[in-house]
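In what follows, a single structure is set out as structure tokens and then discussed.
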2 protein chains.
Amino acid sequence: MKYEQLKLENQVCFRLYTAARLTMGAYHPYLDPLGLTYPQYLVMLVLWEQDKQPVNDIAHKLLLETNTVTPLLQRMEKTGLIKRTQGKEDSRQRIVTLTKKGIEMREQAKHIPECLSAEIIKNEGSAEEIMQMIPTLDKLIQGLKQQLNK
Amino acid sequence: MKYEQLKLENQVCFRLYTAARLTMGAYHPYLDPLGLTYPQYLVMLVLWEQDKQPVNDIAHKLLLETNTVTPLLQRMEKTGLIKRTQGKEDSRQRIVTLTKKGIEMREQAKHIPECLSAEIIKNEGSAEEIMQMIPTLDKLIQGLKQQLNK
DNA sequence: TAATTTTGCATCGTGAACGATATAAATCGA
DNA sequence: TCGATTTATATCGTTCACGATGCAAAATTA
């Protein structure tokens with residue numbers, strides 16, 4: 001019993017880590033044709049909801065550091081999905097704007113969420129069971145986020 | 001409503017991805033003193049359960065590719081936690097063995113799981129609620145794993 | 001047994017993640 | 001108003017994660 005808690009099978013974090021990796025993998029067939037990685041797709045979701053945001057707002061919504069988001073945006077600028085312009089009131093800010101290509105991609109991406117749901121449901125049944133995790137995950141995230149600011 | 005499903009707040013995968021990242025972050029204060037990263041800690045868990053395993057078995061248990069695990073093990077060999085030796089029956093295999101330092105670290109790591117639990121519970125209450133996700137996560141992982149082999 | 005295929009691991013290239021650090025602009029305080 | 005601090009990004013170095021590829025040993029098959 002001494003080391004029981006060190007067993008892999010008792011680790012929640014390992015499951016989160018694995019579930020996240022594999023789920024991201026399941027997006028591959030849908031994102032590859034669009035030339036997007038999963039984190040880039042998340043940035044697109046943020047920008048489709050609201051265009052013209054500073055780097056910091058995007059990072060904040062994704063709970064990522066700006067030093068993760070900056071190079072990500074640089075790559076996305078290179079592939080022509082976004083533009084990055086100097087902020088007007090605050091010239092330290094870089095405002096991220098969708099290009100025509102970026103805006104149009106929304107239509108192509110429209111069905112990705114339902115495709116993913118369908119695939120997951122097909123493979124292990126209950127969508128409801130998965131949806132039931134959402135409030136718990138949100139609480140977990142909320143708690144860990146506060147821990148960060150200490 | 002046309003693009004409702006593309007909203008970030010409706011994404012389960014984003015929550016898994018974030019929860020996994022933040023939880024891994026919560027391990028930092030405990031793993032840093034041991035000189036371990038979280039994936040390296042996972043390898044240690046596997047080896048503490050059973051020493052002397054080929055690379056492939058470790059990768060399989062962690063659901064990682066060998067091309068992820070190999071460099072990870074190379075770094076761990078450099079820090080003196082493990083040794084990698086040629087397999088005897090099958091000389092293609094590399095057998096991973098804990099060093100004295102690696103074995104002794106188990107005692108220092110013994111309390112990490114309960115520390116993490118305590119921290120998470122302190123921050124957002126219910127441990128039970130989190131434990132309830134385990135069967136669902138396992139089903140999700142199982143389903144996605146099978147999808148991989150197609 | 002010789003040729004073919006499979007398997008186990010390694011290497012390489014690309015894209016995250018993130019700590020540490022840098023830099024310029026904005027804000028604050030004396 | 002001027003120096004100090006904070007803020008918004010960017011850069012750098014290290015470690016994953018993984019697709020593609022390479023290579024030698026084993027297993028399979030002709």
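Below, all heavy atoms of this structure are taken into account, side chains as well, without hydrogens, waters or symmetry copies. Residue numbers begin at 1 in each chain, while the letters A, B, ... track the order of the sequences.
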Interatomic distance, A:Glu77 CD vs D:dT9 P [rounded to whole Å]: 14 Å
Main-chain N/O of B:Pro113 paired with B:Ser117 side-chain donor or acceptor, under 3.5 Å: yes
Spacing of B:Asp32 atom CG relative to D:dT14 atom C1', expressed in whole Å: 13 Å
Atom-to-atom span, CG of A:Leu73 to C1' of D:dA8 - whole angstrom: 13 Å
Sugar-phosphate, base or nothing in reach of A:Glu89, heavy atoms under 4.0 Å: sugar-phosphate
Most 5' of A:Lys88 and A:Met76 on DNA chain C, judged by nearest nucleotide: A:Met76
Base-contact (B) and sugar-phosphate-only (S) positions in nucleotides 15-24 of chain D, heavy-atom cut-off under 4.0 Å, - elsewhere: SSBBBB----
Side-chain N,O (B:Arg84) to OP1/OP2 (C:dA10) below 4.0 Å: yes
Sugar-phosphate only, base, or nothing, as touched by B:Ser91 at under 4.0 Å among non-hydrogen atoms: sugar-phosphate
Pair B:Lys139 + A:Glu129: basic N to acidic O under 4.0 Å: yes
Distance test, side-chain N/O of A:Gln74 to OP1/OP2 of C:dG15, below 4.0 Å: no
Neighbour count above 12 (heavy atom, 6.0 Å) for A:Lys61 NZ: yes
Phosphate OP1/OP2 of C:dA10 contacted by B:Arg94 side-chain N/O (<4.0 Å): yes
Nucleotide C:dT14, atom P - distance to NZ of A:Lys78 in whole Å: 10 Å
Ring-face cation of A:Arg21 near A:Tyr17 (centre distance under 6.0 Å, axis angle within 45°): yes
Test: B:Glu107 and B:Lys110 ion pair at under 4.0 Å: yes
Geometric class of the A:Tyr27/A:Tyr38 ring pair [parallel <30°, tilted 30-60°, perpendicular >60°]: tilted
Below 4.0 Å: OP1/OP2 of D:dT9 and any side-chain N or O of A:Thr70: no
Between C:dT27 (P) and A:Asp90 (CG): distance, integer Å: 7 Å
Value in whole Å for how far the C1' atom of D:dA8 lies from CD of A:Gln53: 15 Å
Heavy atoms of other groups near A:Lys52 NZ, more than 12 under 6.0 Å: no
Atom pair distance, as rounded to whole Å: CG in B:Asn56 and P in C:dT6: 17 Å
For atom CD of B:Gln93 and atom C1' of C:dG8, their distance in whole Å: 7 Å
